[in-house]
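By convention in this document, chain letters (A, B, ...) are assigned in the order of the sequence lines, proteins followed by strands, and residues within each chain are numbered from 1.
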Number of protein chains: 2
Amino acid sequence: MTNASLSRETLLPKLAAHVLEHGLGGASLRPLAKAAGTSDRMLIYHFGNKETLISDLLEYIAGIYSAALDMALGETRPATRQECFERILALGRGPAMQPFMVLWWEIVAGSARGLPGYKEAAEQMMAKQLVWLEGQMPEDDPDPAGGARYLLTLIEGSLMLTVVGHAQTAREGLLASDLAPS
Amino acid sequence: MTNASLSRETLLPKLAAHVLEHGLGGASLRPLAKAAGTSDRMLIYHFGNKETLISDLLEYIAGIYSAALDMALGETRPATRQECFERILALGRGPAMQPFMVLWWEIVAGSARGLPGYKEAAEQMMAKQLVWLEGQMPEDDPDPAGGARYLLTLIEGSLMLTVVGHAQTAREGLLASDLAPS
DNA sequence: TTCCTCTTGTAGCGATTGCTACATTGATCT
DNA sequence: AGATCAATGTAGCAATCGCTACAAGAGGAA
């Protein structure tokens, strides 16, 4: 058992790396196994079946996403909600977060479709992002909790619009909000 | 040619119905063909290969989505941005739009992944939703174009949060925005 | 040693994938 | 009538899918 668990935990990082690069949808056992340095036979041995492999993998990915957010904490807190919004949006659009972004929308789609494990992972990732965002709110913000939720909604909407080629639309929308640069 | 085109246009509605119910990811030729009352053989004959079939199908779906929006035009224009927001959010969360919603996030994911045809369809669907939303803005709104873009960003962010089980988060975020009910 | 359990490789199963070669229809055109 | 051509069915291809049966090695317990 201890050995099996150890192997599982050894496998997960490499599986996650493969999925971050090639996506969840087309992920099949043999390519996953090759990326992790084993065989499909062993993946089934360690995880039981593909469904729980994906579930466990999503849970693990949610964990490293959380760690990535912690490492992206800014040195200085932004002074305004607008600055906070723009800083985080730039982070989300940046190349470092791009593999996560591409995978993220796949997780959202799986969550909408009801695929096992997807909604749990998505829920956890959003919850983490929310508390992270609360910590990034301006110090003098009158309502950090509500403000974080408001910004989260706007940021995710903007990121989605960006992904489908409507970054300009999101940018123009910001100008009509209470976050518009004065 | 005329006959082939006619057949293609006859097939597309049934293909769209199947995809709206079962998703794009797992869509393979034989189930698609069965749903459309033909064979995989004929799907390839009419569309050339699966990739252009999916592209054409996405384009067609964008069209019927546009038509569905036109049919969902309200009798009365909302009086405030807040009312407009809530009305449209309720529409998006309603059961009638649910098949579209589930498919939508799959299209967003494909767009992020760069799958052929996905980004074009997503772009078109968002553009349509945008002009539709502009027509739904309050009559006395000082900036209908900017306001529609702002609302679109907020609505899509809220819908995404809803899909991953964070509807409450979106609701609380709204309270911290300038759309909060007075 | 002898057993026993954990781990792994080899080989393969039946199902499904996108796609194609070949033959046949039925209608239209000359 | 004979030729032509789009449309369709049948059969099957090689590749891949998730998963499993079987055997063999390894290492600790008796």
Side-chain angles (χ1 to χ4, degrees), chain A residues 1-16 18-19 21-61 106-107 109-110 113-118 121, chain B residues 1-16 18-19 21-61 106-107 109-110 113-118 121:
Chain A
M1 184 47 143
T2 61
N3 235 352
S5 294
L6 196 138
S7 291
R8 260 183 40 128
E9 260 82 60
T10 305
L11 256 25
L12 282 173
K14 304 180 192 170
L15 295 175
H18 180 266
V19 154
E21 186 180 351
H22 298 96
L24 275 163
S28 47
L29 288 182
R30 267 164 269 239
L32 278 172
K34 184 181 239 178
T38 19
S39 62
D40 55 331
R41 165 72 180 74
M42 289 313 294
L43 288 185
I44 297 292
Y45 176 74
H46 284 303
F47 294 93
N49 53 48
K50 189 190 177 185
E51 183 178 311
T52 66
L53 186 157
I54 296 294
S55 286
D56 292 359
L57 185 50
L58 285 172
E59 188 183 332
Y60 175 77
I61 287 174
E106 218 164 349
I107 295 175
R113 229 350 116 209
L115 304 185
Y118 282 70
Chain B
M1 184 46 145
T2 61
N3 234 352
S5 294
L6 196 138
S7 291
R8 260 185 41 130
E9 259 81 61
T10 306
L11 256 25
L12 281 172
K14 303 181 193 169
L15 294 175
H18 179 265
V19 155
E21 185 179 352
H22 297 97
L24 276 163
S28 47
L29 288 181
R30 266 165 269 240
L32 278 172
K34 184 180 241 178
T38 18
S39 61
D40 55 332
R41 166 69 180 77
M42 289 314 293
L43 289 185
I44 297 291
Y45 177 74
H46 284 303
F47 294 92
N49 52 48
K50 190 190 176 184
E51 182 179 311
T52 65
L53 186 157
I54 296 294
S55 287
D56 293 358
L57 184 51
L58 284 173
E59 189 184 331
Y60 175 77
I61 287 174
E106 219 164 349
I107 294 175
R113 234 337 122 215
L115 303 185
Y118 282 69

Between CG of A:Leu11 and C1' of C:dT8 the distance, given in whole Å, is 13 Å
*Can you tell if the side chain of B:Leu24 reaches within under 4.5 Å of the side chain of B:Tyr118, non-hydrogen atoms only?*
yes
Taking A:Asp56 first and then A:Arg8, would you say they form a salt bridge - that is, a charged N and a carboxylate O separated by under 4.0 Å? yes
Rounded to whole Å, the CD1-C1' distance (B:Ile44 to D:dG12) equals 15 Å
B:Leu43 CG to D:dT8 C1', in whole Å, measures 12 Å
So, with a heavy-atom separation below 4.0 Å from DNA chain C, the residues of residues 25-39 of chain B are B:Ala27, B:Ser28, B:Leu29, B:Arg30
Could you check whether any side-chain heavy atom of A:Tyr60 comes within less than 4.5 Å of a side-chain heavy atom of A:Pro13, counting everything from C-beta outward?
yes
Value for NE2 (A:His46) from CG (A:Leu12), rounded to nearest 0.5 Å, stands at 10.5 Å
| query | Looking for any heavy atom pair under 4.0 Å, which part of the strands does B:Asn49 touch: base, sugar-phosphate only, or nothing? | reply | sugar-phosphate
Q) Is the shortest heavy-atom distance from the side chain of A:Tyr45 to the side chain of A:Asp40 under 4.5 Å? A) no
Against the side chain of A:Tyr45, the closest entry in C:dC19, D:dG9, C:dT8 is C:dT8
Below 4.0 angstrom from OP1 or OP2 of C:dT8, is there any side-chain N or O of A:His46? yes
Comparing nearest nucleotides in DNA chain C, the 5'-proximal residue of the pair B:Lys50, B:Arg41 is B:Lys50
To the nearest angstrom, the CG-P distance between B:Asp40 and D:dT8 comes to 14 Å
Are the side chains of A:Ile54 and A:Leu115 in contact, using a 4.5 Å heavy-atom criterion?
no
Taken to the nearest whole Å, CG/B:Leu53 to C1'/C:dC19 is 13 Å
